[in-house]
Novice: 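Structure incoming, see below.
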Amino acid sequence: MRTYFAEVLARERACLAGITDRAMLTSWRRRVVEELMTPQSPYALALRQTGDVRDRADFLDQWRELLAEAVDRLLQSRVTGDTPCASPEGPKADVDAQKTAVLILAALHGGSTLSQLAQDPRPLNAALDLALVSFVAAEDNTPARTGTSSSISNMDL
Amino acid sequence: MTTVDSRNGRRLTARGEKTRAKIVAAAADLMYVQGIGATTLDDVLMASGVSKSQLYHHFAGKDELVRAVIDHVGERIIERERDALGHVSTIPGLRRWRDALVQNNALRHGAYGCALGSLASEVSDQDDAARQAVSQLFIEWQGLLAGVLRRLQDGGALPPEASIDQLATGLMGAVQGGYMLAQTARDVTPMATSIDMALAHIESLSPD
């Protein structure tokens, strides 16, 4: 169990550390959805409610921290307005990076459980759409549910 | 009230029905606390106090018992959620629903999670009939959430173009993920945060 945790964290650390704009966030998301929808992938195995609860809690804390750092970078770049991440509606100053990271992690966890149950990636994508709405919503000025995310929802996995 | 035995389709006597209910309730408790995989029929016999022949009279084996547990848990949760959500038509109403979920889960520091959610993670790669049964229950629960969101939309709190089913599905993901994070952390805070954030995002779609 610990090896899945280590593998997921290593890959997430590498991928999330490079996220500075929405396009990168979108490709991160696409990759994680694919991983979670692959039975027996390290991601799918790491999110099972089995094994030592302290190891799992430690794993989730570390993943949440990586997500919070990435969210924080996205918010910073939006505030300075010098990247494509700047929203035409202006920065949402009320977005809290730590709390957003909790919701993203919950969306990955709950969404993948519901998707595996339904054998359909849509629940996971819907959960991520909602979790990432403050970042994706500004894209093409369309709401998250009809923006980039829907092409992912329709992606044949 | 008489129930029809799932195994042979015949009607149960009041006494038979009571025995069956006792077995299912004991099995549901055990599976909730220790998981389906770790629950044996011997555990169920001990916890329910019924005899082996009584148990096999009602259930051919564990798979059949698991399906009865799914029906039992599902009925309880859907009834609870119908009571809680059936008349909600405002964001404050949704927040009260969230408060009750979190409060109930806090009783045991979130240690066991959502009764239906924990069944979901266990049946996904096992018995296909069980998987479909749990999946159907989630569709029903999501339908109740969609009902609330539709009433919000009718009242103007959500824009007409908002995709209600998509939002209800996303909210359910946040709720279930919240239960799971709480279960691992032995603390309901991440569950409260997750649902709060999801509701805040839904509220932010409001046209004004």
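Per chain, numbering begins at 1; letters A, B, ... match sequence-line order.
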Novice: Classify the ring geometry of Trp141(B) against Phe138(B): parallel below 30°, tilted from 30° to 60°, perpendicular beyond 60°.
Specialist: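 Rings of Trp141(B) and Phe138(B): parallel, as their planes differ by under 30°.
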
Novice: Can you give me the closest heavy-atom contact between His58(B) and Glu64(B), atom names plus distance?
Specialist: O-OE2, 3.6 Å

Novice: Is it the backbone or the side chain of Leu117(A) that comes under 4.5 Å from a heavy atom of chain B, or both, or neither?
Specialist: both

Novice: Which of the residues Leu105(A), Ile104(A), Leu114(A) is involved in the greatest number of heavy-atom pairs with chain B at under 4.5 angstrom?
Specialist: Leu114(A)

Novice: Which atoms of Ser112(A) are under 4.5 Å from chain B, going by heavy atoms: the side chain, the backbone, both sets, or neither?
Specialist: neither

Novice: Where does the angle between the aromatic ring planes of Trp63(A) and Tyr43(A) fall among parallel (under 30°), tilted (30 to 60°) and perpendicular (over 60°)?
Specialist: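 Aromatic pair Trp63(A)/Tyr43(A) classed perpendicular.
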
Novice: Go through the atoms of Val123(B) and report whether side chain, backbone, both or neither lie under 4.5 Å from a heavy atom of chain A.
Specialist: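 Contact with chain A involves the side chain of Val123(B) alone.
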
Novice: In terms of heavy-atom pairs under 4.5 Å with chain A, which of Ala174(B), Gly177(B), Ala168(B), Gly113(B) leads?
Specialist: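 Option with the top pair count is Gly177(B).
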
Novice: In Å, rounded to the nearest 0.5 Å, how long is the span from NE2 of His72(B) to CZ of Arg20(B)?
Specialist: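 Atom-to-atom, His72(B):NE2 and Arg20(B):CZ are 10.5 Å apart.
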
Novice: Show, in sequence, the C-alpha distance, side-chain angles and deciding distance for Ser134(A) and His201(B), and conclude whether the side chain to side chain contact (heavy atoms under 4.5 Å, CB included) test is met.
Specialist: CA-CA 8 Å; Ser134(A) 35; His201(B) 286 340; 3.8 Å; yes

Novice: Give, as side chain, backbone, both or neither, the part of Ala118(A) having an atom under 4.5 angstrom from any heavy atom of chain B.
Specialist: both

Novice: Assess the side chains of Asp43(B) and Thr40(B): does a donor N or O sit below 3.5 Å from an acceptor N or O?
Specialist: yes

Novice: Select, from Val53(A), Leu103(A), Leu128(A), the one with the greatest count of heavy-atom pairs under 4.5 Å involving chain B.
Specialist: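 Of Val53(A), Leu103(A), Leu128(A), Leu103(A) has the most heavy-atom pairs under 4.5 Å with chain B.
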
Novice: To the nearest 0.5 Å, how far apart are CD in Gln98(A) and CE in Met197(B)?
Specialist: 11.0 Å

Novice: Against chain A, label Met191(B) side chain, backbone, both or neither, depending on which of its atoms sit under 4.5 Å from a heavy atom there.
Specialist: neither

Novice: Scan Arg56(A), Gln62(A), Arg54(A) and name whichever one has a side chain to side chain donor-acceptor pair (under 3.5 Å) with Asp58(A).
Specialist: Gln62(A)

Novice: Please state whether the side chain, the backbone, both or neither of Asp187(B) comes within less than 4.5 Å of a heavy atom of chain A.
Specialist: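 Neither part.
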
Novice: Let's test your reading of the structure: which of Gly37(B), Ala198(B), Ser118(B), Pro190(B) forms the most heavy-atom pairs below 4.5 Å with chain A?
Specialist: Ala198(B)

Novice: Need one label for Gln183(B): side chain, backbone, both or neither, based on atoms under 4.5 Å from any heavy atom in chain A.
Specialist: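 Backbone plus side chain of Gln183(B), per the 4.5 Å heavy-atom cut-off to chain A.
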
